[in-house]
Amino acid sequence: MRPLTAAALQLAPHPGPLTANSVGENLNRAVELIERCVSATGAELLVLPEAVTTGFTPGIAAGELWALMSPIPGPTTEPVQEAARRLGVHVVHCTYERGSDRGVVYNSAMLIGPGGDILGVYRKTHLFPGEMQWVTCGDSVTVVDTDLG
């Protein structure tokens with residue numbers, strides 16, 4: 001196994017009510033942070049915080065959150081996919097994911113490869129009690145083979 005630089009990124013979500021604009025702003029800030037980190041450190045694996053697109057407690061009902069989020073891939077993943085492709089890095093991107101049925105929302109983490117493709121998606125299986133109001137549990141773990149490990 002070769003050495004690599006991994007980076008855990010942290011940013012606060014856009015303040016105020018959760019809207020399509022605030023989700024977009026959070027995505028823009030995440031992409032900017034990815035770019036700055038790669039430039040400063042040469043990191044090959046970057047990990048964004050849980051629920052980076054919305055903040056951990058969105059403060060809206062599951063149906064409203066479902067309407068703001070997208071399936072994976074979709075508008076809540078594409079800017080990060082493009083950044084990973086442009087920079088040639090792996091990114092763990094964490095967002096709420098719109099399920100196929102209205103009101104079904106998953107707390108998901110995906111690994112995006114250096115080509116911008118989604119290599120795997122994990123839907124959180126162990127929710128904290130308050131989160132169960134707006135999140136549906138996943139039912140499996142995800143393991144992805146990459147050139148990093």
Just distance, no hydrogens or angles: give the donor-acceptor pairs under 3.5 Å from side chains in residues 12-20, sequence neighbours left out.
unit_1, atom_1, unit_2, atom_2, d
Thr19, OG1, Asn21, N, 3.3
Thr19, OG1, Ser22, N, 3.1

Measuring from atom [atom1] of [X] to atom [atom2] of [Y], what distance do you get when rounded to the nearest 0.5 angstrom?
{"X": "Leu111", "Y": "Leu45", "atom1": "CG", "atom2": "CG", "value": "7.0 Å"}
{"X": "Glu131", "Y": "Thr136", "atom1": "CD", "atom2": "OG1", "value": "10.5 Å"}
{"X": "Ile34", "Y": "Leu48", "atom1": "CD1", "atom2": "CG", "value": "4.5 Å"}
{"X": "Cys137", "Y": "Arg123", "atom1": "SG", "atom2": "CZ", "value": "12.0 Å"}

Exercise. Using the test side chain to side chain contact (heavy atoms under 4.5 Å, CB included), find all partners of Glu44 that sit at least two apart in sequence or belong to another chain.
Key: Arg2, Leu4, Leu148
Partners meeting side-chain hydrogen bond (donor to acceptor under 3.5 Å, both in side chains) with [X] (sequence neighbours left out):
{"X": "Trp134", "answer": "Tyr96"}
{"X": "Ser108", "answer": "Glu97"}
{"X": "Thr146", "answer": "none"}

Quiz item: When you check the side-chain N and O atoms of Gln81 and Asp117, is any donor under 3.5 Å from an acceptor?
Solution: no
Just distance, no hydrogens or angles: give the donor-acceptor pairs under 3.5 Å from side chains in residues 82-95, sequence neighbours left out.
unit_1, atom_1, unit_2, atom_2, d
Glu82, OE1, Arg85, NE, 3.1
Glu82, OE1, Arg85, NH2, 3.2
Glu82, OE2, Arg85, NH2, 2.5
Arg86, NH1, Glu35, OE2, 3.0
Arg86, NH2, Glu35, OE2, 2.8
His93, NE2, Thr76, O, 2.7
Thr95, OG1, Thr53, OG1, 2.7

Exercise. Tell me who clusters with Tyr106, hydrophobic residues only, linked when side chains sit under 4.5 Å apart either directly or through other members.
Key: Val104
Quiz prompt | Transitive ILVMFWY cluster of Val143, excluding itself - 4.5 Å side-chain cut-off | solution = none
Quiz prompt | Residues in salt bridge (charged side-chain N to carboxylate O under 4.0 Å, His left out) contact with Glu50, at least two apart in sequence or another chain | solution = Lys124
Quiz item: What residues form a salt bridge (charged side-chain N to carboxylate O under 4.0 Å, His left out) with Arg98, not counting sequence neighbours?
Solution: none
Quiz prompt | side-chain contact (heavy atoms from CB on, under 4.5 Å) partner of Leu68, the single match among Val105, Ile60, Thr54 | solution = Ile60
Quiz prompt | Pairs flagged by salt bridge (charged side-chain N to carboxylate O under 4.0 Å, His left out) wherever residues 60-79 is involved - sequence neighbours left out | solution = none
Quiz item: If you draw a 6.0 Å radius around CG in Asp139, do more than 12 non-hydrogen atoms from other residues or ligands fall strictly inside?
Solution: no
Exercise. Tell me, yes or no, whether the heavy-atom count around Arg102 atom CZ, taken from other residues, nucleotides or ligands under 6.0 Å, exceeds 12.
Key: yes
Self-check item: Pairs touching residues 52-85 that satisfy ring-ring contact (aromatic ring centres under 6.0 Å, His included), sequence neighbours left out
Solution: Phe56-Phe128
